[in-house]
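First the structure, in the form of structure tokens, and then the observations on it.
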Amino acid sequence: MSDKVVTRFAPSPTGFLHIGGARTALFNWLYAKHTGGTMLLRIEDTDRERSTEAATAAILDGLSWLGLAWDGEAVSQFERSPRHREVAEELVRLGKAYYAYETPAELDAMREKARAEGRPPRYDGHWRDRDPAEAPEGVRGAIRIKAPTEGETVVHDLVQGEVRFPNKDLDDFIILRSDGNPTYMHAVVVDDHDMGVTHIIRGDDHLTNAARQTVIYDAMGWQVPKMAHIPLIHGADGAKLSKRHGALGVEAYRAMGYLPQALLNYLARLGWSHGDDEVMSIEDMIAWFDIVDVNKGAARFDFAKLEALNGVHMRAMDDAALTKVLLETLPHLPDGEAFAEKFDERARAQLLQAMPGLKERAKTLVELADSAAFIVAERPLTLDEKAQAILDADARAVLKALLPEFRALGEWTAASTEAVVRAHAERTGLKLGKVAQPLRAALTGRSTSPGVFDVLAVLGREESLGRIGDQID
RNA sequence: GCGCCCAUCGUCUAGCGGUCAGGACACCGCCCUUUCACGGCGGCGACACGGGUUCGAGUCCCGUUGGGCGUACCA
């Protein structure tokens, strides 16, 4: 047995990989990478009603997109149920657990009664010390753990510190259902133990569970792994993350045009920090991440900051790489499929050429795609409102006067077209903007774009002259 | 109800008994500039409240308030 760190990400496949899950996965992954350990993946599919194949696929796909690779094969918790049953039965044999025969209806009644009498709704331990011979005929009971009734259970948490739970508040919870399947509480313990997990990093909504799970570890005489309960992510209004906020699947973030490394950077900084460092690469995160630096308080999800960070990461990429990512991501963006088809080899080259100017004014790949649309726009261009306003009669007259000068131009580059325009402005006494603005509107159909001379160069002589001509006829 | 966790600018955070309480996003100015951005400079803006402990508390302790989680034969 080595002392290598083994973490695990254990989502339940009842939906997509949501943003909170992604961050939990990230922290597990970072800690494993940081320490030279491994991160395992376990699909917690014991709830057969709600678990789906599609959800499992979505989670795997989400992790892959983010680049959070797990080690080894993904483990199906459901497939391990014989082992869970075996341990539960051993606990009974050891006298650490027992069969209980109440029906769900009876348990509901028990809880109702307790609530009505102002007592905590806990199992009353009816079968705890009863002779198994008294078991009702033909009824298969559920197995309950014998939780300690006195003292306290202490959870040593790497983030939360030493957390103490009075044992009188722990009841004899069920570890094996009457249908022979384990409950989550039990399956987790058995799996984490069997998989050799050394560090359990998960959301702090599990902190209370940690005490219950400790009871099972103790009963089996197993060593409790190190635990780290990380704070949850809340919506912008401070309430629990819901669909309204950001509890979308990670694929939704891909569709919104975020770069995986930017999303990871943002997520990492939610609840964890490394001094004043804000922008960091994956390598930085791995080098810097440590559980002791994780905060205790929940953080709110802020799209504005994510977006800003995404802009920084896009600008940090070199043009070829960003062009490649944009083209690859296009099919995932809204209406991106049709848009992607327009990018033939020539248009791709133009996109690459325009990229320096495009990337510094886009915060997401969606914006980047949008501002690159002029490259593959069909003539005659559809002008947006502002472009229409710019191209009034005066502006069209300017373009008309400029056109012959462009036609006479030999070498067609950003520099040469700029020279023409500047000379034209000087001669006619117009401000440079008075020429550049109409030009931009005619060329792109928009009022904003990268430098208009770069646009001219990207579009090329023929296309540029054509688009200008369209506007003055 | 009971148990547990949390609490620094609007948001994310630095801080680990002595700081003009720092940074980032957002917002507002100015500069750069053919537009929009990018970039640069500057501004606004916080220790939830009340008690202690201490020569000295954002930092330690207690309480209050406010959030969150758990309390299932869900995970």
Side-chain angles (χ1 to χ4, degrees), chain A residues 10-14 44-47 49-51 77 100 102-104 107-108 111 114-115 118-123 141-144 155 157 159-161 163-166 168-171 173-179 181-185 187-188 203-212 229 231-232 234 236 238-240 266 269-279 295-309 311 315 357-363 367 371 386 390 418 421-422 425 431-437 439-441 444 446-453:
Chain A
S12 58
T14 54
E44 310 222 311
D45 50 0
T46 53
D47 184 342
E49 297 287 299
R50 302 195 299 154
S51 300
Q77 187 161 65
E102 285 82 5
T103 63
L107 292 172
D108 278 346
R111 269 189 292 272
R115 233 188 297 272
R119 286 183 292 110
R122 286 195 297 265
Y123 180 63
I143 296 182
R144 286 180 181 269
V155 174
D157 194 275
V159 172
Q160 309 291 341
V163 186
R164 299 164 176 281
F165 297 88
K168 63 178 172 58
D169 295 323
L170 262 33
D171 67 351
F173 57 92
I174 290 173
I175 57 175
L176 197 77
R177 302 186 179 96
S178 51
D179 67 1
N181 286 122
T183 58
Y184 159 79
M185 208 64 74
V188 168
D204 70 12
D205 51 335
H206 287 289
L207 186 55
T208 317
N209 293 336
R212 288 177 228 285
H229 289 89
L232 265 18
H234 288 177
K240 188 181 179 177
Y266 177 71
R269 285 284 292 105
L270 235 43
W272 170 77
S273 62
H274 182 264
D276 280 336
D277 292 305
E278 298 280 352
V279 180
N295 286 157
K296 294 172 147 198
R300 300 184 188 200
F301 195 92
D302 179 13
F303 272 100
K305 188 144 184 173
L306 203 212
E307 211 165 277
L309 210 41
R315 270 173 264 127
L358 293 174
K359 72 179 179 186
E360 75 182 22
R361 58 209 88 212
K363 288 200 163 76
E367 289 180 8
S371 62
K386 285 180 179 171
I390 290 168
E418 177 169 1
V421 171
R422 282 191 183 276
K431 284 173 76 174
L432 189 55
K434 278 293 175 194
V435 186
Q437 283 304 324
L439 209 44
R440 179 192 324 280
T444 67
R446 310 286 183 84
S447 61
T448 65
S449 79
V452 72
F453 308 115

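Below, chain A is the first sequence line, B the second, and so on; all start at residue 1.
OP1 or OP2 of B:C36 has not a single side-chain nitrogen or oxygen of A:S449 nearer than 4.0 Å. Between A:R212 and B:G70 there is no side-chain N or O to OP1 or OP2 distance below 4.0 Å.
Contact annotation for A:S12: backbone-only contact, meaning every heavy-atom pair under 4.0 Å involves sugar-phosphate atoms and none involves a base. Using a 4.0 Å heavy-atom cutoff across all strands shown, A:H206 reaches at least one base atom of the nucleic acid. Residue contacts for A:L306: at a heavy-atom cut-off of 4.0 Å it reaches no nucleic acid atom on any strand shown. Note on A:R122: nothing from the nucleic acid sits closer than 4.0 angstrom, heavy atoms only. Residue contacts shown for A:P166 are limited to sugar-phosphate atoms, with no base heavy atom under 4.0 Å away. Base contact: A:E102 has a heavy atom under 4.0 Å from a base atom. Residue A:P231 is out of contact with every strand shown, counting any heavy-atom pair closer than 4.0 Å. Backbone-only contact: A:R164 has heavy atoms under 4.0 Å from sugar-phosphate atoms and none from a base. Within 4.0 Å of A:V452, counting heavy atoms only, lies at least one base atom of the nucleic acid.
Residue A:E44 has its side chain nearest to B:A75 when only B:C4, B:A75, B:U34 are considered. For A:F165, taking side-chain heavy atoms from C-beta onward, the closest of the listed nucleotides B:C73, B:G70, B:G3 is B:G3. For A:R440, taking side-chain heavy atoms from C-beta onward, the closest of the listed nucleotides B:U34, B:C36, B:G3 is B:U34. Distances were taken from every side-chain heavy atom of A:R50 (C-beta onward) to each of B:A75, B:C69, B:U34; the shortest belongs to B:A75. Here the nucleotide nearest the side chain of A:F453, chosen from B:C69, B:C73, B:U34, is B:U34. Residue A:L207 has its side chain nearest to B:C4 when only B:C4, B:C69, B:A75 are considered.
Computed from coordinates, the A:I174 CD1 to B:C73 P distance equals 4 Å when rounded to whole Å.
Nucleotide B:C9 forms a pair with no other nucleotide shown, judged by Watson-Crick or G-U wobble geometry with both contacts under 3.5 Å. The partner of B:C36, taking Watson-Crick or G-U wobble pairs whose two distances both stay under 3.5 Å, does not exist in any strand shown. Under the Watson-Crick or G-U wobble criterion, with both distances below 3.5 Å, B:C41 is paired with B:G29. Pair check for B:C20 finds none; no Watson-Crick or G-U wobble contact set falls under 3.5 Å. B:C49 is paired with B:G63 under the Watson-Crick or G-U wobble criterion, all donor-acceptor distances under 3.5 Å.
A:H229 pairs in a side chain to side chain donor-acceptor pair (under 3.5 Å) with only one of the listed residues (A:N209, A:D204, A:D157), which is A:D157.
Using cut-offs of 30° and 60° on the angle between ring planes, the pair A:Y184 and A:H206 is tilted.
Here the separation of B:A7 from B:G15, taken at their C1' atoms, is 15 Å to the nearest Å. B:C30 and B:G18 are spaced 41 Å apart, taking the P atom of each and rounding to whole Å. When the C1' atom is used for both B:A24 and B:G52, the distance is 36 Å, rounded to whole Å. Going from the P atom of B:C6 to that of B:C61 covers 11 Å, rounded to whole Å. Taking the P atom of each, B:G29 and B:C16 are spaced 36 Å apart, rounded to whole Å. Comparing the same atom, C1', in B:C9 and in B:C27 gives a spacing of 12 Å after rounding to whole Å. With both ends at atom C1', the span from B:A46 to B:G58 equals 10 Å, rounded to whole Å. Atom name C1', nucleotides B:A48 and B:C55: the rounded distance is 27 Å, in whole Å.
One can find a donor-acceptor pair under 3.5 Å joining the base of B:C73 and the side-chain atoms of A:S178.
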Give me, pair by pair, the N or O atoms of the protein and of nucleotides 7-14 of chain B that are less than 3.5 Å apart, along with how far apart they are.
unit_1: B:C12; atom_1: OP1; unit_2: A:R300; atom_2: N; d: 2.9
unit_1: B:C12; atom_1: O2'; unit_2: A:R269; atom_2: O; d: 3.0
unit_1: B:C12; atom_1: O2; unit_2: A:K305; atom_2: NZ; d: 3.2
unit_1: B:U13; atom_1: OP1; unit_2: A:G271; atom_2: N; d: 2.3
unit_1: B:U13; atom_1: O3'; unit_2: A:S273; atom_2: OG; d: 3.1
unit_1: B:A14; atom_1: OP1; unit_2: A:S273; atom_2: OG; d: 2.8
unit_1: B:A14; atom_1: OP1; unit_2: A:N295; atom_2: ND2; d: 3.4

Got a list of protein N/O to nucleotides 38-48 of chain B N/O distances below 3.5 Å?
unit_1: B:C38; atom_1: O4'; unit_2: A:E360; atom_2: O; d: 3.3
unit_1: B:C38; atom_1: O3'; unit_2: A:R315; atom_2: NH1; d: 3.2
unit_1: B:G39; atom_1: OP1; unit_2: A:R315; atom_2: NH1; d: 3.4

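With respect to A:D169 and A:R122, a salt bridge is recorded, a charged nitrogen being found less than 4.0 Å from a carboxylate O.
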